[in-house]
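Order of the sequence lines fixes the chain letters, A, B, ..., with proteins taken first and strands second; residue numbering starts at 1 for each chain.
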Amino acid sequence: MLSIEQIRRDPEFVRQALATRGEEGPMDELLTLDSQRRQAISQGDELRARRNQASRAIGQLRAQGEEAPEDVVLEMREVGQEIDVLERQTRELDERIHSILLELPNLPREDVPRGLSEEENIVVRQWGEPKSLDFPAKPHWDLAEEMGIIDFQRGVKLSGSRFYTMSGYGAKLERATIAWMLDLHSREHGYTELMLPILVRREVMEGSGNLPKFADNLYRDEEDDLWLIPTAEVPITNLYRDEILPPGSLPRYYVAQTPCFRREKTAAGRDTRGIKRVHQFNKVEMYKIVDPETSDDELDRLLADAEDVCQRLGLAYRVLQLCTGDISFPSAETFDIEIWSAGCEEWLEASSCSNCTDFQARRANIRYRPAAGSRPEFVHTLNGSGLALPRVIIAILENNQQADGSVIIPEVLRPYTGFDIIPASGG
RNA sequence: GGAGAGGUGGCCGAGUGGUUGAAGGCGCCGGUCUCGAAAACCGGUAUACCCGCAAGGGUAUCGCGGGUUCGAAUCCCGCUCUCUCCGCCA
């Protein structure tokens, strides 16, 4: 959420920053509502002050055994009604302002490349060479099906399109990869491992920025109004909701594996084959809660931690800096990591690392106290996939496939899988 | 799902209509004392909003929302959350 103070102070700046994302900020409306709101508050406060004064006087009279003067009581009764009216006005104005603010995305950092579509994203570096095989490379949907480690048909039978099941070596590979990633981040990169609820309340979704704007991409349990998380970022963002973290408690680094649920309504028809885009997938997510001063540096390190995963797996990748129009709703700056996969011959987005600055902190009201006795300030939050499993599995299968239809397991995973090759018939 | 109890400041805990933002204690910060520390003593210690250049002033907040009243932490109603017991259950 953007701060109304900033909008009040420099509406033109905010308008232009939003424009770089292709968003129109209704600044004039906001400013009008804001000034009306402040006026209503002012008047209400004044009347309440009067009433408090009168009531206190009555209290003193009563203490001395005297009656309250009739005319004062009558007058205050009227004042009370005026206060009610002003309070209702204030509440309405508050709600209108709030609902507009909830729909506005974060402002991009200064150095984010300007641009309205993904065409303007910039490749900032590449690691490794895209693998080319000396035999016809199969896409994973063929390869995995032939091996018997992914069953698309039966996934559809259970849950509909874009669901799948894994078995045997495939299921073990995914479990091993998750465990290895969690160990890497928690043991070597300094993150605290979390186990989290994957069903959350409505206000939790608001705090992270998924509601109200992106309700159509979420699954929901109507009866209890619980929502299935699209990423672990959602519950982690809200861990410290409405709290003031004491001095010395930042930075905090977290890592968690959760299933992620996305309806992908908007993407109907895209990537329909294989497991690249599905309704349920596993993801290892890294998350940081940091001092605002440090968030730009923290983003670099977050990205480096995600890159480390690719490097150790021996997956060639490139890092993209997303342009203003392509960064996600709560993000001020985002780098994507795309890994090369030899079968579908594509760069697959396996990680997205974002600095959300104080955007989520404002929504979720997460603050910290820089020093004992000082005023609370909003924290900065960052998140990054470390990594999304299906696309890593795709890349491992497609890049490491052999001419005989088997797949070599990356060395770092072998202690976790307990096997170093998936035979051509591995289900 | 059934029955009961309860939600007060960072924590514990008092408070059933009138200077209660809220006693007391703990914790924390500063000071005195000390070579230093502890103890003791003294002082301070919520958040948000509004007006103001500032100094300062005002308002709100005792789970949330509504009601009664000149006035509500205190009374009434609804909701919510937590705990205990029973039931169910991996």
Side-chain angles (χ1 to χ4, degrees), chain A residues 1-10 30-101 195-207 221-227 235 238-250 252 258-259 289 358 361-379:
Chain A
M1 189 153 63
L2 302 182
S3 90
I4 190 71
E5 294 83 36
Q6 184 182 18
I7 291 167
R8 198 184 296 150
R9 205 180 328 112
D10 197 350
L30 274 173
L31 291 173
T32 305
L33 291 171
D34 179 54
S35 86
Q36 287 173 349
R37 172 181 166 274
R38 285 188 294 160
Q39 203 183 342
I41 288 174
S42 247
Q43 288 174 3
D45 281 359
E46 224 167 275
L47 290 177
R48 264 187 295 267
R50 260 178 73 195
R51 184 177 70 180
N52 286 345
Q53 215 175 349
S55 296
R56 228 169 280 147
I58 291 172
Q60 277 166 6
L61 289 177
R62 294 288 298 270
Q64 293 160 22
E66 294 175 40
E67 278 305 307
E70 188 85 5
D71 55 330
V72 175
V73 170
L74 284 175
E75 192 193 342
M76 287 308 116
R77 195 174 294 167
E78 268 175 46
V79 167
Q81 281 162 4
E82 289 176 55
I83 289 172
D84 281 347
V85 171
L86 285 164
E87 277 180 349
R88 211 169 307 124
Q89 277 176 15
T90 305
R91 204 177 319 122
E92 266 168 41
L93 290 162
D94 258 336
E95 277 165 18
R96 285 170 66 186
I97 291 168
H98 192 67
S99 70
I100 292 173
L101 289 179
M195 285 283 253
L196 299 162
I198 56 180
L199 283 169
V200 299
R201 301 168 187 283
R202 168 185 296 274
E203 56 266 33
V204 168
M205 285 293 182
E206 262 184 25
D221 164 56
E222 295 249 345
E223 193 170 355
D224 295 314
D225 197 25
L226 287 171
W227 300 67
N238 288 273
L239 279 178
Y240 297 103
R241 192 162 96 239
D242 294 323
E243 292 192 34
I244 299 171
L245 301 170
S249 54
L250 298 181
R252 291 172 183 238
T258 65
I289 302 175
D358 62 356
R362 284 180 187 283
R363 286 191 166 225
N365 192 27
I366 311 161
R367 289 171 294 170
Y368 77 110
R369 208 181 290 281
S374 64
R375 277 175 62 86
E377 287 179 36
F378 288 109
V379 299

Quiz item: Start at the 5' end of RNA chain B and walk down; is the nucleotide closest to D34(A) or to R369(A) reached first?
Solution: R369(A)
Self-check item: Protein-nucleotide distance (R367(A), atom CZ; A46(B), atom P), rounded to Å
Solution: 14 Å
Exercise. If a pair satisfies salt bridge (Lys or Arg N to Asp or Glu O under 4.0 Å) and one of its residues is in residues 63-74 of chain A, list it, with sequence neighbours excluded.
Key: none
Using distance only, find each side-chain donor-acceptor pair of residues 241-250 of chain A under 3.5 Å and give its atom names and separation, not counting sequence neighbours.
{"unit_1": "R241(A)", "atom_1": "NH1", "unit_2": "N238(A)", "atom_2": "OD1", "d": "3.3"}
{"unit_1": "D242(A)", "atom_1": "OD1", "unit_2": "N365(A)", "atom_2": "ND2", "d": "3.2"}
{"unit_1": "S249(A)", "atom_1": "OG", "unit_2": "P246(A)", "atom_2": "O", "d": "2.5"}

Self-check item: For R62(A), salt bridge (Lys or Arg N to Asp or Glu O under 4.0 Å) partners two or more places apart
Solution: none
Practice problem: Counting Watson-Crick and G-U wobble pairs only, both distances under 3.5 Å, name the nucleotide matched with C81(B), or none. | Solution: G6(B)
Quiz item: Excluding sequence neighbours, so at least two apart, what forms side-chain contact (heavy atoms from CB on, under 4.5 Å) with Q36(A)?
Solution: T32(A), L33(A), L93(A)
Self-check item: Residue whose nearest RNA chain B nucleotide is more 5′ - R375(A) or Q53(A)
Solution: R375(A)
Report each atom pair, protein N/O against N/O of nucleotides 51-57 of chain B, whose distance is under 3.5 angstrom.
{"unit_1": "C51(B)", "atom_1": "OP1", "unit_2": "R38(A)", "atom_2": "NH1", "d": "3.4"}

Quiz item: Tell me, for nucleotides 65-74 of chain B in 5' to 3' order, what letter each nucleotide earns: B for a base near a protein heavy atom under 4.0 Å, S for only sugar-phosphate near one, - for neither?
Solution: -S---BS---
Exercise. Rounded to whole angstrom, note down the C1' distance from G6(B) over to U59(B).
Key: 31 Å
Quiz prompt | Any donor-acceptor pair under 3.5 Å from D221(A) side chain to D224(A) backbone | solution = yes
Quiz item: Roughly how many Å is it from CD in E243(A) to P in A46(B), rounded to a whole number?
Solution: 19 Å
Quiz item: Can you check the D242(A) CG to G63(B) P distance for me, whole Å?
Solution: 15 Å
Exercise. Write down the distance between CG (L86(A)) and P (A60(B)), rounded to a whole number of angstrom.
Key: 13 Å
Practice problem: Mind checking salt bridge (Lys or Arg N to Asp or Glu O under 4.0 Å) for R367(A) and listing every partner two or more places apart, or none if nothing turns up? | Solution: none
Quiz prompt | Of L101(A), D34(A), I100(A), I97(A), the residue whose pairing with I7(A) passes side chain to side chain contact (heavy atoms under 4.5 Å, CB included) | solution = L101(A)
Quiz item: Quantified in whole Å, what is the P atom distance between nucleotide C89(B) and nucleotide G67(B)?
Solution: 46 Å
Quiz item: Less than 4.5 Å apart, any side-chain heavy atom of D358(A) and any of V379(A)?
Solution: no
Quiz prompt | Distance test, side-chain N/O of R201(A) to OP1/OP2 of C81(B), below 4.0 Å | solution = yes
Quiz item: Taking only residues two or more places apart in sequence, or in another chain, which ones meet R202(A) in a salt bridge (Lys or Arg N to Asp or Glu O under 4.0 Å)?
Solution: D225(A)
Quiz item: Using purine N1 to pyrimidine N3 plus N6-O4 or O6-N4 for Watson-Crick, or N1-O2 and O6-N3 for G-U wobble, each under 3.5 Å, what pairs with A40(B)?
Solution: U32(B)
Pairs of donor and acceptor atoms involving the side chains of residues 72-85 of chain A, under 3.5 Å and at least two apart or interchain, shall be tabulated with distances.
{"unit_1": "E75(A)", "atom_1": "OE2", "unit_2": "R50(A)", "atom_2": "NH2", "d": "2.6"}

Exercise. Between G15(B) and G78(B), how far apart are the C1' atoms? Round to whole Å, please.
Key: 25 Å
Self-check item: Watson-Crick or G-U wobble mate for U45(B), both contacts under 3.5 Å
Solution: G27(B)
Practice problem: Whole angstrom is fine here: how far is it from CD1 in I244(A) over to C1' in U61(B)? | Solution: 13 Å
Self-check item: Protein-nucleotide distance (L61(A), atom CG; U19(B), atom P), rounded to Å
Solution: 14 Å
Practice problem: Using the C1' atom on both, measure G10(B) against A46(B) and round to a whole Å. | Solution: 9 Å
Quiz item: Taking atom P in both A72(B) and C64(B), what distance in whole Å separates the two?
Solution: 15 Å
Quiz item: R50(A) near the nucleic acid: base, sugar-phosphate alone, or nothing, with a heavy-atom cut-off under 4.0 Å?
Solution: nothing
Quiz item: Say you pick atom P in C11(B) and the same atom in U16(B); how far apart are they, in whole Å?
Solution: 22 Å
Quiz item: Between C49(B) atom P and I97(A) atom CD1, what is the distance in whole Å?
Solution: 13 Å
Quiz item: P376(A) near the nucleic acid: base, sugar-phosphate alone, or nothing, with a heavy-atom cut-off under 4.0 Å?
Solution: sugar-phosphate
Exercise. Identify which nucleotide among U47(B), A60(B), G58(B) has an atom closest to any side-chain atom of R48(A), counting heavy atoms from C-beta outward.
Key: A60(B)
Quiz item: Any side-chain heavy atom of P69(A) sitting closer than 4.5 Å to one from L61(A)?
Solution: yes
Self-check item: For C70(B), the Watson-Crick or wobble counterpart (both distances under 3.5 Å)
Solution: G18(B)
Quiz prompt | Opposite nucleotide pairing with A90(B), Watson-Crick or G-U, both atom distances under 3.5 Å | solution = none
Quiz prompt | For atom NE2 of H98(A) and atom P of A48(B), their distance in whole Å | solution = 17 Å
Quiz item: With rounding to whole Å, what would you report as the distance between C42(B) and G4(B) at their P atoms?
Solution: 49 Å
Quiz item: What integer number of Å spans the P atoms of G27(B) and G17(B)?
Solution: 34 Å
